[in-house]
Amino acid sequence: MSFKVYIGGQLFDKADAKISVYDHGLLYGDGVFEGIRSYNGRVFRLKEHVDRLFDSARAIHLEIPLTRDETAKAVVSTLAANELTDAYIRLIVTRGAGTLGLDPRRTSNPQVIIITDHISLYPEEMYEKGLRIVTAGTARNHPAALNPRIKSLNYLNNILAKIEGANAGCVEALMLNHKGEVAECTGDNIFIVRRGELHTPSIDSGILEGITRDAVIDLARKEGIRVIERSMDRHDVYTAEECFLTGTAAEVIPVVECDGRPIGGGSPGPITKTLRKRFHALVTGES
Ligand code: PMP
């Protein structure tokens, strides 16, 4: 099935969905994006995703040629045009085509692109049995260089870590920040359970403020589980009772091994399983 792609207010067949090779999104990774999901015909936390997109754009001095409301409506109408109810949505804003040279002032027409499709990031078995991860040697971008809070089109930092993970036979890799503290994985936030409480790196650890992360923090608090956002090191991961990752595509996925050390009993723990269940109920509107 080939879905129609939204570009600048029009829908194109996938094969005809094209933008200029002079677009600075391609030339320099100059642009921002969101990965969003819909379940049962309802887009999960659309407002939060649109807000984060606009924050990312503001941070890189990019003016999105739509209002927040128009952006949200474009997402919903693209899904409807493709008759999709359970979908992965990629919302992209590029800097637009310009001259060869970095200067964003010499570009015009930022492109708003919406791709709607299906996604299956990890095999179902990994949700049941848990993932193995390794620590990447590639540090997460220094926030003073390129703040990880900006969801930019330049994902090479994460891709380099992902390659390290893949070379070690893992589908995800743990990234440390410039201080050697635990930051996040290449496309997911990380949580651990310690003494029955949930710990996750704080935003100032240099991470993307994940929308799934926020949802899981709320769900945990509703379950009466204390949540602590702080700086963490690998010792916290190695000695954790449980560990899991969160992300729009990954949802909530258990981690059972890090750098060859089994976490807890080496299988998904009870808090992870409960939060997975609660998250599923939340996104599908069953809670
Ligand atoms: N960290 C990074 C680096 C990401 O790219 C993502 C999104 N794939 C996340 C965390 C998770 O964020 P969200 O829950 O908003 O998808």
Side-chain angles (χ1 to χ4, degrees), residues 29 31-39 43-57 59-60 72 75 87-93 115 117 119-122 127 131 133 135-136 138-143 145-165 170-178 181-192 198 200-220 227 229 232 243-255 275-276 278-280 282-283:
V32 294
F33 78 101
E34 281 297 316
I36 314 173
R37 228 162 139 151
S38 75
Y39 297 88
V43 183
F44 182 64
R45 306 247 157 132
L46 179 54
K47 181 182 181 307
E48 286 82 350
H49 280 285
V50 169
D51 283 344
R52 189 171 66 183
L53 182 80
F54 275 73
D55 286 348
S56 294
I60 70 161
V75 167
Y88 181 79
I89 302 145
R90 177 57 54 93
L91 169 59
I92 304 156
V93 187
I115 303 169
D117 209 323
I119 193 166
S120 140
L121 201 59
Y122 305 125
Y127 288 90
L131 295 183
I133 59 172
T135 306
T138 305
R140 191 75 178 98
N141 280 331
H142 193 304
L146 176 57
N147 198 319
R149 294 180 74 177
I150 303 171
K151 201 162 166 61
S152 88
L153 289 182
N154 197 318
Y155 249 54
L156 270 179
N157 179 226
N158 312 58
I159 290 165
L160 290 177
K162 181 98 180 173
I163 290 168
E164 291 185 59
C170 296
V171 294
E172 253 298 8
L174 179 62
M175 299 186 77
L176 307 178
N177 67 15
H178 60 286
E181 298 162 348
V182 170
E184 58 185 336
C185 286
T186 67
D188 301 309
N189 292 113
I190 186 165
F191 286 79
I192 61 154
L198 205 52
T200 194
S202 49
I203 302 305
D204 58 18
S205 300
I207 62 169
L208 182 76
E209 192 171 1
I211 286 164
T212 319
R213 174 186 181 277
D214 285 347
V216 166
I217 289 173
D218 287 348
L219 288 172
V227 183
E229 296 177 64
M232 282 172 35
C243 179
F244 62 85
L245 311 180
T246 64
T248 296
E251 301 175 317
V252 176
I253 189 158
V255 174
L275 291 172
R276 235 184 91 61
R278 297 285 179 273
F279 183 74
H280 189 255
L282 175 70
V283 295

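Computed from a predicted structure; not experimentally measured. Order of listing sets the numbers, starting from 1, for every ligand and every atom in it. In this chain, numbering begins with 1 at the start of the sequence shown.
- Classified by interplanar angle (parallel below 30°, tilted 30° to 60°, perpendicular above 60°), the ring pair Phe44/Tyr39 is perpendicular.
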Kindly print each ligand 1 N/O atom paired with any protein N/O atom under 3.5 angstrom away, one pair per line, or none if nothing qualifies.
unit_1	atom_1	unit_2	atom_2	d
ligand 1	1 (N)	Glu184	OE1	2.6
ligand 1	5 (O)	Lys151	NZ	3.3
ligand 1	5 (O)	Tyr155	OH	2.4
ligand 1	8 (N)	Gly187	O	3.0
ligand 1	14 (O)	Ile211	N	3.3
ligand 1	14 (O)	Thr212	N	2.9
ligand 1	14 (O)	Thr212	OG1	2.6
ligand 1	15 (O)	Arg52	NH1	2.8
ligand 1	15 (O)	Arg52	NH2	3.0
ligand 1	15 (O)	Ile211	N	2.8
ligand 1	16 (O)	Thr248	N	2.9
ligand 1	16 (O)	Thr248	OG1	2.6

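- Ile211 and His49 get closest at one heavy-atom pair: CD1-ND1, 3.4 Å.
- Ser152 and Asn154 form no side-chain donor-acceptor contact under 3.5 Å, judged by distance and modelled atom types alone.
- Qualifying salt bridge (Lys or Arg N to Asp or Glu O under 4.0 Å) partners for Glu34, counting only residues two or more places apart in sequence or in other chains: Arg52.
- When ring centroids are compared, Phe279 and Phe244 stay outside the 6.0 Å threshold.
- Salt bridge status for Arg213 with Glu184: absent, with no side-chain N to carboxylate O gap under 4.0 Å.
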